[in-house]
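Computed from heavy atoms alone, side chains included, the values below leave out hydrogens, waters and symmetry copies. Predicted model, so just to flag it, every value in this text is computed and none were measured. Start at 1 and go down the list; that is how both ligands and their atoms are numbered.
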Amino acid sequence: MDNRPIGFFDSGLGGLTCIASVSRRLPHEDIIYFGDTARTPYGSKSVKTIQRFSAEICDFLLQKNVKMIVIACNSVSATSLGFLREKYKDIPIVGIIESAAEKAIDDAKEGNKIGIIGTKATISSMAYKNIIEQSVEGADVAQKACPAFVPLIEEGIIENDIMNLSVKYYLDHFIAENRINTLVLGCTHYPFIANNIKRNYPNLKLIDPSDEVSRQIEKILKKKDIVACKDGNKQFYASDVSDNFIRMVQEISEDTNIAINIKDLAI
Ligand code: DGL
């Protein structure tokens, strides 16, 4: 047993989609979430910059005495998981890509054509594509970077014509040309627009990595015997004030009075 918190982080509010599924599955765990709202988006930045930012966040979470770090961000998982595990050897670090890729592998084995959408950093890393193609003979995974989605979602532009046009702009041709049946939402911000995608492509199966990662977290907590045994609490940190971040935190924690702590990590 270990009642210390689990630390989660993302470039902004996307990783909150993981918090919702983790608190359903693991209600006894304390959670500390850090959203780097001052420096979002990460997905269009260089690997070196993403590594520097994510190491600063891990240092902060370690000061908070976390027992595990979850990278609730595909861009950081794709570019920096190995770097962070090497740098912080004493703490389990969970990335978000492996568990979602496992789910996509099952679909590829059934003959589904898999599409991956994500940030520029995630797509150019080929992380999902490589794992799936190496695991399933003959699989041919199509992928597409959709860099405008994250800034729109951070601004709360979700259920309206601007987002609808952006979805069609990025996906109409991509899905039709590649005959995609299963689409991996390879960015933790994208579950916020899942309904929009479903409306436009009702026959498409969506894989949400934020759902998959909670299973992996539970597995590791049990294996290492560090499951918590108490009522779980949540603390939220952001590197800058953002109305939309506050609104999303309130929704996810179902608490309109919840405090957001501001912590600027920039040197
Ligand atoms: N939510 C993140 C991801 O999963 C980061 C997006 C970004 O900052 O560009 O990739």
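- At least one donor-acceptor pair under 3.5 Å links the side chain of D10 to the backbone N or O of G15.
- Only side-chain heavy atoms of T119 come within less than 4.0 Å of ligand 1; its backbone N, CA, C and O stay farther off.
- Applying the 4.0 Å criterion to heavy atoms of D10 picks out, from ligand 1, the atoms 1 (N), 2 (C), 5 (C).
- S242 and N244 form no side-chain donor-acceptor contact under 3.5 Å, judged by distance and modelled atom types alone.
- Looking at D30, its side chain does come within 3.5 Å of a backbone N or O of N233 through a donor-acceptor pair.
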Show your working on salt bridge (Lys or Arg N to Asp or Glu O under 4.0 Å) between R39 and D36 and close with a plain yes or no.
-> CA-CA 6 Å; R39 303 188 288 196; D36 201 356; 2.8 Å; yes

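- Close approach of ligand 1 to S11 is summarised as follows: ligand atoms under 4.0 Å from at least one heavy atom of the residue are 5 (C), 6 (C), 7 (C), 8 (O).
- Ring centroid separation for the pair Y237 and F9 does not come in under the 6.0 Å cut-off.
- Shown in contact with P41 at under 4.0 Å from a heavy atom are these atoms of ligand 1, numbered in order with element: 7 (C), 8 (O), 9 (O).
- At a 3.5 angstrom cut-off on N or O pairs, T122 does not count as close to ligand 1.
- Nearest approach of E154 to T37, heavy atoms of both residues: OE1-CG2, 4.3 Å.
- Residue contacts with ligand 1, taken as heavy atom pairs separated by less than 4.0 Å, involve N74 via backbone and side-chain atoms alike.
- Every atom of ligand 1 is numbered from 1 in the order shown, and the set under 4.0 Å from a heavy atom of Y42 is 7 (C), 8 (O), 9 (O).
- Each of the atoms 7 (C), 8 (O), 9 (O) of ligand 1 lies under 4.0 Å from some heavy atom of G43.
- Atom 10 (O) of ligand 1 has S75 OG, 2.7 Å as its closest protein atom, hydrogens excluded (heavy atom only).
- Taking the six-membered ring for Trp and the full ring otherwise, F53 and Y42 have centroids separated by under 6.0 Å.
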